[in-house]
Amino acid sequence: MRIVTTAGIWLIRFAYLAFALFPLLWLLRIALTPDQLLYTEGTTLWPSVITFENFRYVIEESPFPTYFLNTVIVSLGTAAIVTVLSTGIGYAFSRFRFRGKTALMVFLVITQLFPIVMLITPLYQILAPVGLVDTRIGLVVVFTAFNLPFAAFLMHSFFEGIPRELEQAAMIDGCTRFQALIRIILPLMLPGVGATLGFVFTAAWSELLFSLMLISSEAKKTFAVGLLSFVGRSGVDWGQMMAAATLALIPPAIFFTAIQKYLVGGLTAGAIKG
Amino acid sequence: MAEVSLKGVVKRFGPVQAVHDFTLDIAHEEFVVFVGPSGCGKSTTLRMIAGLEDISGGEIRIGDRVVNDLPPRARDISMVFQNYALYPHMTVRDNQGFGLKIAGSPKSEIAEKVGRAAKLLGIESFLTRKPAALSGGQRQRVAMGRAIVRDPAVFLFDEPLSNLDAKLRGQMRTEIRKLHEKVRTTVIYVTHDQVEAMTLADRIVVMRDGRIEQVGTPDEVYHLPASDFVAGFIGSPPMNLLDARTVRDGDGLAVEIPGGPRLPLDPEACRGIEPGRDVRLGLRPEAIAPERIASEMRRPFSFTADITLVEPLGGEALIFLEIGGTEVTARVFRPNTRLSPEKDVPFVVDLGELNLFDPESGRRLCGTRRMPTQ
Ligand SMILES: Nc1ncnc2c1ncn2[C@@H]1O[C@H](COP(=O)(O)OP(=O)(O)OP(=O)(O)O)[C@@H](O)[C@H]1O
Ligand SMILES: [Mg+2]
C-alpha cells in the first residue's frame, strides 16, 4: 500500500515536471536541429543530427551579445535599486507610526490597478524632455517605478514576520535602530531580500512592452526586443530564435541558483517560543 | 547605585490613556513586581522605563539621570521578554555576548563573562547551539543569561515565565529569586500571576486600569489590602468579602454581619470609624477555621456556622461555610480529622485579621492586622 502511494506521488511529480519542462526541451531541440531537417523530420522528440550552427551564429554574427549585456545591466540595476528601496519602504511601513501611512499604502495599491498599455504614451512624453528615451537608465527608471509598489508590499510582509522584540532586544543590548536593522533584522530578512531580488530580476529580464516602445537604437536593445527581430522580413528563423532564447535562460538560472538558499525560509525559527 | 524613580508618568495611545499619573520610587537592589489584570498597563510602564515606549508626561529617573529622552541603549538596563527574543541566527554564545560585542569589549572579556553567566545558569553545555535547538526552559535561561552578562544597573522582566509549563515555572521562579541573591541588582518584574508576585517581590505594585492601586511588601498587600480589588486579586482563594455594618459594642466598636456573628474590632486600629456605617468585611480564608482543628490565632473569636462543602487538597483543605447567607471559604492546613458537611459547627475567626472596606469606593477603612514595624 505504502509503495503504491509513494509510486503514485512520484508519478504525479514526474508528470508535472514533464509538463513544465517540455517547452524547454522543445526550445533546445529546435535550436539544435539543422535548418534543412526542421520541417522534414516532423515532430520527433530529438533530431537525427544535431548542430551548434545556430548558437554559433547567434553569438558570433548577430547583435545578440549586445542585447544580452543590455538586458543584464538593466535587470540587475532594476533588481538592486528596487530591492534597496523596497527594503526601506517595507521597514518604515512595518515599524513606524506616521501620519498618512494608511493613505500611502492604499495609494500604492491603486498604482497597480492601471493597465500598463494606458501609460505608455504619457510615460514617453514624460521621459522625452529629460532625455531618458532610448537609454538604459530610462528603462531602469521605468522598471523601478513599476516594480516598486509590489516589492514594497512583499518586503513589508516579510518585516511583519519578524518579531519586534528582536530589534527592541538589540536596542537594549546597545544597538542604535540602524545597527539593530543591519545586525539583527537584515540577516533574518535574507529570504525576503532573495525573493524580491528574484521577482524583480525576472520581471525586468523578460519585459517587452516598455523596451519596445522606449528603445529604438540597436546598441541599447534588450534581449526581448531583439528576439522579435528574428521574426523577420522573410519569415521566422526558428533555429536562431530558439538558440538565442536558450542562451537567454542562462542568466536567470544562474541568478536563482545563487539566491536559492536564501529563498528557503525558516531562518527565524527559534526566535520566540515554539 | 541605581534607584529608579517615576514621577507622574503618563502614557497615552491616541485618545486612550494607558497609564495615569504613575509615581513610584524603587530602591537600589530592590526587587519590585508589577502585578495586575490583563490590560492594566504593566507592560506599558515597564517599556517606558526601558525606553521602548515614549512617555506622554512625567519624569523617569534611573540612578541620578533623567532618562525621559534617552534611547534604550543609553539607559544601562537589560530586559527579558515574554517570548525571549533570542537572535535566531546566532548561537547561544553569540546571543549572550552580543551586548558586550556592540559595546566593543575585548574578546577575552566577553568569553569570560559569557562563561561565568552560563555557569551560573547551567547552560554551558549548549553554548554552541542556535536558539531553535533549545527547549522553552533552556531559551528562558539563555534570555536571562543575555541580560546578566551585560551587568546592567536595572533588570526588567516582562512576564518571563508565562510561556513555561506550571512545573518549570515554579522551578524558574525559585531560580530567579536565588539569582537575585547572587547578582544584586535593581529588578522590575511584570507578571499577572499573583503567586509570582508574592514569592519574588520585595515590594509589590498592584495596578488596575493604568493606576497604582497599592504599593507594599507582599505581607502588607496580603494582609492589609488597600482596596477590595487588591483583596480579591491577591491570594488564592481570594479574601472573603461580606456585607456588614459597624455597631457600638460597649465602649468600643464591633462589626455585625447580618444573620451572623458580631465581631469586636480592635479600637486602636479602627479608630475614627463611626458606628452604624455600612462596610464590607474582608476575611482571609486562613483567618477562619473549625474550632476543633484551628491552629493558633492571634485573637480567636468563636461562632457557629454550617459547613456546606469540603474540598481536601492534600496538605490543606478548603471548607465552605455559610455566614449570614453568604458563602465563605476557610482554609485549614494539614487537617488530620475527616471533615464533612455538618450543621452548627463551632468555628473560630481571627479578630487580628479583619479588614473593613468602604462599600462605595472599595478603599480600606481599617485593618486589624499588626505589621511588624521596620
Ligand atoms: N501600541 C498601542 N496602541 C494602543 N493601545 C495600546 C498599545 N499598547 C498598549 N495599549 C493599551 O494600553 C493598555 C495597557 O496595555 P499593557 O500592554 O501595558 O497591559 P498589560 O498590563 O501588560 O497587560 P497583559 O497582562 O495582558 O500583558 C491596554 O488597554 C492596551 O490596549
Ligand atoms: Mg503585558
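Numbered from 1 within each chain, the chains take letters A, B, ... in sequence-line order. Computed from heavy atoms alone, side chains included, the values below leave out hydrogens, waters and symmetry copies. The structure displayed is predicted, hence computed values, not measured ones.
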**Study point:** Qualifying residues under side-chain hydrogen bond (donor to acceptor under 3.5 Å, both in side chains), relative to Arg65(B), sequence neighbours excluded
**Key:** none
Exercise for review: Using non-hydrogen atoms and a 4.5 Å limit, figure out which bit of Arg75(B) sits close to chain A: side chain, backbone, both or neither.
Suggested key: neither
Review point. So what's closer than 4.5 Å to chain A heavy atoms on Lys101(B): side chain, backbone, both or neither?
Key: side chain
Report, one line per pair, each donor and acceptor closer than 3.5 Å where one atom sits in a side chain of residues 3-20 of chain A; sequence neighbours left out.
residue: Thr5(A); atom: OG1; partner: Met1(A); partner atom: O; Å: 2.8
residue: Thr6(A); atom: OG1; partner: Arg2(A); partner atom: O; Å: 2.7

Check your understanding: Side-chain donor-acceptor pair under 3.5 Å between Gln179(A) and Arg73(B), yes or no?
Key -> no
Check your understanding: Which bit of Arg97(A) comes within less than 4.5 Å of chain B, counting heavy atoms only: side chain, backbone, both or neither?
Key -> side chain
Point to revise | Greater than 12 external heavy atoms within 6.0 Å of Lys101(A)'s NZ | key: yes
